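These figures come from a predicted structure and were not determined experimentally. A, B, ... follow the sequence lines: proteins, then strands. Residue 1 opens every chain. Scope of the values below: all heavy atoms of this structure, side chains included, with no hydrogens, waters or symmetry mates.
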Amino acid sequence: MLEYLEAIFSVAVLASGIRLATPYLLAGLGETVGQRSGVLNLGVDGVMQLSAFFAYWTVLVHENLWLGIGVSVLVGLVMGIIYAIVTVFFEAQQGISGIGIFLFGLGFSDLMFQKNVGTPRFVKSLPDVRIPVLSDLPVLGEALFSHSVVIYGAFLLVPAVAWLLRKTTFGMNVRAVGENPQAADSLGVSAQRTRFIAILIGNVLAGLAGGALVLQLGVFQPNLTQGLGFIAVALVYFGAWRPSGVMVGALLYGLVAASVLQLKALQLIPRSYSDIAAMAPAVLTIAALVILAGRVKAPAALTRPFARH
Amino acid sequence: MATNTGEVMLEMRNITKRFPGVLANDSVNFDVRAGEVHTLLGENGAGKSTLMKVLFGLYQPEEGEILLNGTPTKITSPTHAINQRIGMIHQHFMLVPTLTVAENVALGLKSGRRPLTDLKAVARGIADISDEYGLAVDPNVDIWRLSVGERQRVEIIKALYRKAELLVLDEPTAVLTPQEVDELFAILRDMRNSGKGLVFISHKLHEVMALSDRITVLRNGKVTGATTPAESDRSKLASMMVGREVKLAPDKPLVEIGKPRLTISNLSVDGDRGAVAVDGVDLEIRAGEILGIAGVSGNGQRELAEAIAGLRSVKSGSTISIDGKDVAGMDTRDRRNAGLSYVPEERMRDGAIGDFTVAENLILVDHGSDEFSARGMFKFAEIETHCSQLVSDYAVKTPSLETPTSSLSGGNIQKIILARELANEPSVMIASQPTRGVDIGAAEYIHSRLVDARDRGMATMVISEDLDEVLGLADRIAVLCDGKVMDIVPVEGATKEQLGLLMAGVKS
Ligand SMILES: Nc1ncnc2c1ncn2[C@@H]1O[C@H](COP(=O)(O)OP(=O)(O)O)[C@@H](O)[C@H]1O
Ligand SMILES: [Mg+2]
């Protein structure tokens, strides 16, 4: 028993948990902004696949990591514009159009990969940046302060998104439009415009999540995300539509996943059980969602298109 | 009343607005002066809200023009209207429940600290307005924590914060308690005296008489009269609204009071949150008698009705009997068989099924009886005869028996429920808020039907928050306060003041 605990509560697990949590965190923060404005985006996973592929391909060709990250953001932006036009102006059913985006991302990234790359080849992955002084702190210093810039950025986005939602007029408009778009409209706050921008923010972060994922691994393969984007959507519910809550969920998910990996690596989990163990993070998330269900209210206008009739 | 009425602020000339199949406003003229309350009176669907939405830039009229302070102005959007110093308090509140009062007020306004919000400055502005008009409200609480009356104050503050000079209030009293109405009227009078122009929309006659300086009556989209409270009275207003003579209080012939039909003793019932809602109530209603239950809403009326109807369990020691038979332990069907019928307060939740047709709702309770079905099959011919008869007896305005009930007006739905509930000649009827939100014409009809049934010997309990209704219908009035019967008084000699004191829990 003790050896299990030692394996789980190790600095290595903490460090890799943080790394694994990052794509969930980025995508979850983006989805939080979108949902607070009343738009559910189930296409996150598809956007991540697409941006992951294009970021990977860019780095493969140009060998420039920052260009790769930039491309992932751009892919998110383009997909965001498409999704925003479909849901905001054509008032499409959000559940269905999101699934459309997901299927498109899954299929198109696969197609592009087969056509342009074929066999997976490794590229450079994002380098770790040791933060002076802090990373030299005993015990946790190494685990917390020796990561890539994207990981630091993702965690800094948590207070930033909270600030955006709480303190800015744009954030206030987002919250109003997600709750009662008629009221916002009656005061001259355009529900369409606010949602459009919120969707763009959400998709840009989903794109970045895809870029972070692939450039941490250094290699792309079809269906790279394996549904990670859907977990990110679930984490928004788990986190009660708050950036800090989403961060807790993402970290929990990342740490459980890292622990399972560690136990497998140390062969503390028998081979035959390893597939079941790999499901642990998902099971845990579902359990947490069930326990938390009904405790907090979703934005009242979530999934409801708005138009002045 | 009209003291210092000033300049004409608003003139709407020959406004015509059509919706598919409906002429909602037909060449309507309407104007407002500074320092007056101009009331728009009309039945549901008369076109009052439409006219005001045209003013607020939510609809564009097909014909007509709007003059603001003498200048022809095309109002293109709510923002445009707000910039023209027009404020509107919509029939359904336009508030974001999860935002604070200050955030709701600040929405859509330029912040002095862009891109950040400047809620402190907004809170100061709110405090100034609160002081000036006595609109007390804490700027930092979330809207969902506020009572309905407080929410309405926030709506008024929102308009005043935007420097509204012309304020439209669309049925502002529909959701308020009588006390809140009094408070609102005091605020509105202050605003009028400070020179603002107010448009007050209502179909409640005593409120219109109490508050207005001028009254314009709309019917079917047309102006049918303009008057003042001094030149008019409630029944004149009612006939202008409805287009014919209306009896506001039903004629009640003297009938002989018979034996007790509904006897309730020591009835105690828990409310939704567990606290005692009805506390040791004793009541008796005899054949040929209407007992009115008065009280401020939430003092146990709903629980009392539901307990008698069998929808809510009673505490031990309570007895309810109908024609001498104890029904306290029975389920709803057995109670109905014992002679009880029930017109619930929430008519679309408990009284009728919106998606069902008119005919289906008319036979809802008895659809399994031998009269309407045989061996599990409906007898359509019998059902149709029965329902057509009821629809014509009760003057239900419906395109057909197959029309979905939810597409009818509140008054017609209520007539359907009443028709069904009275069809079996019940011995006891519990009618909860029988005419709430119902047009005057339909209310008059419902009242006369209840009185007819009383004359035939039914024992009736009418629960209502409308004191005019209670005074017009009842033979005796029981006042509920905090789940207890404060007193039971005969209607002869009862006054609103006396009942108001009892409702507030003051025993003389
Ligand atoms: N947006 C709309 N579309 C179609 N018909 C409408 C619309 N709004 C109102 N109406 C119709 O116009 C008429 C007037 O409605 P309204 O102005 O809301 O009446 P009021 O406020 O006097 O009760 C009604 O017959 C109503 O059904
Ligand atoms: Mg209206």
Side-chain angles (χ1 to χ4, degrees), chain A residues 32-33 35-39 159-195 197-198 200-201 236-237 239-243 245 294-302 304 306-309, chain B residues 19-20 52-53 56-60 75-84 86-122 142-144 151 154-155 157-159 161-162 164 168 170:
Chain A
T32 303
V33 176
Q35 289 203 11
R36 286 298 281 266
S37 81
V39 182
V161 171
W163 174 84
L164 179 81
L165 288 172
R166 271 281 121 218
K167 297 284 179 189
T168 66
T169 46
F170 173 73
M172 190 169 80
N173 291 350
V174 166
R175 287 182 286 135
V177 161
E179 205 66 40
N180 187 349
Q182 279 77 17
D185 182 66
S186 76
L187 296 174
V189 174
S190 163
Q192 275 103 343
R193 211 179 82 105
T194 307
R195 286 184 171 175
I197 299 171
L200 293 192
I201 293 175
V236 176
Y237 288 77
W241 293 269
R242 282 197 206 90
R295 298 267 172 90
V296 281
K297 273 225 194 85
L302 186 59
R304 289 216 319 261
F306 173 79
R308 199 193 290 162
H309 289 297
Chain B
F19 293 114
M52 290 301 116
K53 284 179 180 168
F56 203 58
L58 284 163
Y59 298 144
Q60 294 305 315
I75 300 174
T76 51
S77 70
T79 321
H80 187 193
I82 290 168
N83 292 339
Q84 300 290 329
I86 301 171
M88 175 128 167
I89 290 154
H90 295 266
Q91 200 164 351
H92 307 286
F93 289 157
M94 290 287 189
L95 293 169
V96 183
T98 50
L99 263 52
T100 65
V101 170
E103 286 176 322
N104 269 282
V105 172
L107 260 185
L109 292 177
K110 267 222 174 79
S111 158
R113 289 171 64 223
R114 271 186 304 162
L116 298 184
T117 54
D118 194 2
L119 297 177
K120 286 220 181 76
V122 175
D142 286 350
I143 296 293
W144 61 266
R151 285 179 204 203
V154 177
E155 287 282 28
I157 289 172
K158 251 166 71 181
Y161 193 91
R162 287 163 172 74
V168 178
D170 195 349

Using modelled atom types and a 3.5 Å cut-off, is there a donor and acceptor pairing between side-chain atoms of [X] and backbone atoms of [Y]?
X         : Y         : value
Ser77(B)  : Gly57(B)  : no
Arg36(A)  : Trp241(A) : yes
Glu103(B) : Thr100(B) : yes
Arg175(A) : Leu165(A) : yes

Which bit of [X] comes within less than 4.5 Å of chain A, counting heavy atoms only: side chain, backbone, both or neither?
X         : result
Lys158(B) : side chain
Asn104(B) : backbone
Ala106(B) : both
Leu107(B) : both
Thr79(B)  : side chain
Arg113(B) : neither

What option among Ala184(A), Ser186(A), Gly171(A) has the most heavy-atom pairs under 4.5 Å with chain B?
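Counting heavy-atom pairs under 4.5 Å, the top option is Ser186(A).
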Partner chain B: residue of Asn173(A), Asn180(A), Leu164(A) with the largest heavy-atom pair count (under 4.5 Å)
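Counting heavy-atom pairs under 4.5 Å, the top option is Asn180(A).
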Considering only residues two or more places apart or on different chains, which pairs with a residue in residues 176-195 of chain A satisfy salt bridge (charged side-chain N to carboxylate O under 4.0 Å, His left out)?
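Applying salt bridge (charged side-chain N to carboxylate O under 4.0 Å, His left out) to every pair that reaches into residues 176-195 of chain A, excluding sequence neighbours, yields Asp185(A)-Arg308(A).
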Working to the nearest 0.5 angstrom, can you tell me the gap between Gln84(B) CD and Ile82(B) CD1?
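Between atom CD of Gln84(B) and atom CD1 of Ile82(B) there are 11.0 Å.
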